[in-house]
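Here's the structure we're looking at; comments come further down.
Computation of the quantities below employed the complete heavy-atom set of this structure, encompassing side-chain atoms and omitting hydrogens, waters and symmetry-equivalent molecules.
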Amino acid sequence: MMNIVAAVVVLGVLGAVFGLALAVASKVFEVKKDPREEEILSHLAGANCGGCGFPGCGGCAAAILEGTAPVTACAPAGAENAAAIAKIMGMEAPTGEREVAFVRCTGGVNAKKRYDYVGVKDCISATKVAGGPLECAFGCLGFGSCVNACQFGAMSIGPNGTAVVDPEKCTDCMACASACPRHLIVSVPASKKVHVGCANQDKGKAAMSVCSSSCIGCGLCQKECKKDAIHVVNGVAVIDYEKCVGCKLCTKVCPRDAILPVATAEEKEKYKEIKKKQAEKAKAAAEAAKAEAK
């Protein structure tokens, strides 16, 4: 009996000693947490989407506090929260237009298939099978990896089989871009409405052979643009959003309907008539000047 009592006493003493040691150690080795981190965290979206490139919102808050991430690192939080975070950090509120994701492909049913894929409905999985079922190596596979990655319901597979973005719901977190194995999703200014819906860098005939709505790099859009806002780069048209004014002239001359919004047949015909009259007027003026010079 005495042995049991002694053992209990010894264990009690040891427990008290170890407890005291742990208490002292916790004070000695305590890592003081900056109270601003919790304040910053309260202004983040809380979705833990990973779009910022850090492990969850906690990691993002810590990175902002350390100065390794900008106050705008959490795109879903929006401009107001970014301004609040800037204030916490003692910085000026950031300025700049809201951006949204855009999928550079409108192929879908217009793109030719090499085979019917019947595996896991996931874009990355599909690319593991002979590079994917599409003839176009740049096209949207349409299996929804981006849709599954979006935490805000902004992505869906459109009626033509390609991924589309709802700009009203998009927070520009770009988790969708990280999930796309074809790297088709980019960030664009929310106010801009003219976009090139193709990323195919193959030359004209090759691009034409794999999709009926592919850009063929013909350069008609570049030639027509009055603001020098669109150029053919690596075989595909690219818009300079700082220069683009949304006149949509490029959409009216694109023979492949690769530039959104796609112009209707009536719009294209009307524009042809305008161009024809302008050409006739210019020709008449030139002839008059020539006759006067004589």
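Here C180 contributes atom SG and R104 contributes atom CZ; the two are 9.0 Å apart, rounded to the nearest 0.5 Å. With rounding to the nearest 0.5 Å, the separation of CE in M155 from SG in C170 is 8.0 Å. Atom SG of residue C105 and atom CG of residue N160 lie 8.0 Å apart, to the nearest 0.5 angstrom. In this structure, SG in C74 is found 7.0 Å from CD1 in I85, a value given to the nearest 0.5 Å. With rounding to the nearest 0.5 Å, the separation of SG in C211 from CZ in F138 is 12.5 Å. M174 contributes atom CE, which lies 11.5 Å from atom SG of C49 (distance to the nearest 0.5 angstrom).
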* To do: Begin from the C-alpha positions of V129 and Y115 and carry the test side-chain contact (heavy atoms from CB on, under 4.5 Å) through to its verdict.
  => CA-CA 10 Å; V129 183; Y115 61 86; 3.5 Å; yes
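Residues V120 and L141 share a hydrophobic cluster, clusters being chains of Ile/Leu/Val/Met/Phe/Trp/Tyr side chains in contact below 4.5 Å. I157 is not connected to V164 by any chain of hydrophobic side-chain contacts under 4.5 Å among Ile, Leu, Val, Met, Phe, Trp and Tyr, and they are in different clusters. I239 and V232 are not part of a single hydrophobic cluster, where members link through side-chain heavy atoms under 4.5 Å apart. Residues V103 and V147 share a hydrophobic cluster, clusters being chains of Ile/Leu/Val/Met/Phe/Trp/Tyr side chains in contact below 4.5 Å.
The closest donor-acceptor contact from the side chain of K192 to the backbone of C244 lies under 3.5 Å. At least one donor-acceptor pair under 3.5 Å links the side chain of K268 to the backbone N or O of C254. Side-chain atoms of R256 come within 3.5 Å of backbone N or O of S214 as a donor-acceptor pair. Counting only distance, with no hydrogens or angles, the side chain of R114 and the backbone of A130 share a donor-acceptor pair below 3.5 Å. At distances below 3.5 Å, at least one donor-acceptor pair connects side-chain atoms of K193 with backbone N or O atoms of A190. Without hydrogens or angle criteria, K112 side chain to S209 main chain gives a donor-acceptor distance under 3.5 Å. A donor-acceptor distance shorter than 3.5 angstrom exists from the side chain of S145 to the backbone of C123, with no hydrogens or angles considered.
Residues K113 and L134 have side chains in contact (heavy-atom distance under 4.5 Å, counting atoms from C-beta outward). For the pair T106 and L260, the minimum side-chain heavy-atom distance is below 4.5 Å. With a 4.5 Å cut-off on side-chain heavy atoms, S191 and E97 count as touching. Proximity of D257 to S213: side-chain heavy atoms (C-beta onward) are nowhere separated by under 4.5 Å. Put simply, the side chain of K275 does not reach to within 4.5 Å of the side chain of K252, judged on heavy atoms. Contact check for T251 versus I259: side-chain heavy atoms found under the 4.5 Å cut-off. Within the 4.5 Å cutoff, no side-chain heavy atoms of E266 are placed close to those of K270. Side-chain contact check for I230 versus V196: some heavy-atom pair is nearer than 4.5 Å.
Closest of all the heavy-atom pairs between E135 and V210 is CB-CG1, 3.7 Å. For A163 against C146, the heavy-atom pair with the smallest separation is CB-SG, 3.5 Å. In terms of heavy-atom proximity, A73 sits nearest to C52 at O-CB, 3.5 Å. When all heavy atoms of C198 and N200 are compared, the closest pair comes out as SG-N, 3.4 Å. Residues P70 and I64 share a closest heavy-atom pair of O-CG1, 3.5 Å. Taking both residues in full, the closest heavy atoms of A177 and I185 are given as CB-O, 3.6 Å, listed atom of the first, atom of the second, then distance.
Applying the side-chain hydrogen bond (donor to acceptor under 3.5 Å, both in side chains) test to residues at least two apart or on different chains, the pairs with a partner in residues 233-246 are H195-Y241, D228-K243. Contacts classified as side-chain hydrogen bond (donor to acceptor under 3.5 Å, both in side chains) and involving residues 166-176 (residues at least two apart or in different chains) are given here: D172-S187. Applying the side-chain hydrogen bond (donor to acceptor under 3.5 Å, both in side chains) test to every pair with at least one member in residues 43-63, sequence neighbours left out, gives these pairs: H43-N81. The salt bridge (charged side-chain N to carboxylate O under 4.0 Å, His left out) analysis of residues 37-59, with sequence neighbours excluded, yields the pairs K33-E38. Applying the side-chain hydrogen bond (donor to acceptor under 3.5 Å, both in side chains) test to every pair with at least one member in residues 50-73, sequence neighbours left out, gives no pairs at all.
Checking each of L41, I40, L44, L65 against C60 for a side chain to side chain contact (heavy atoms under 4.5 Å, CB included) leaves exactly one that passes, namely L44.
For K226, the NZ atom is densely surrounded, since the number of other residues' heavy atoms within 6.0 Å is greater than 12. Annotation: K223, atom NZ; neighbour count of heavy atoms from other residues, nucleotides and ligands within 6.0 Å does not exceed 12. By the 6.0 Å contact criterion, CD on Q278 is enclosed, its count of non-hydrogen atoms from other residues, nucleotides or ligands being greater than 12. Under a cut-off of 6.0 angstrom, the local environment of CD in E273 is crowded, with over 12 non-hydrogen atoms contributed by other residues, nucleotides or ligands.
Cluster partners of V253 are L220, L249, Y271, counting Ile, Leu, Val, Met, Phe, Trp and Tyr whose side-chain heavy atoms approach within less than 4.5 Å, directly or via other members.
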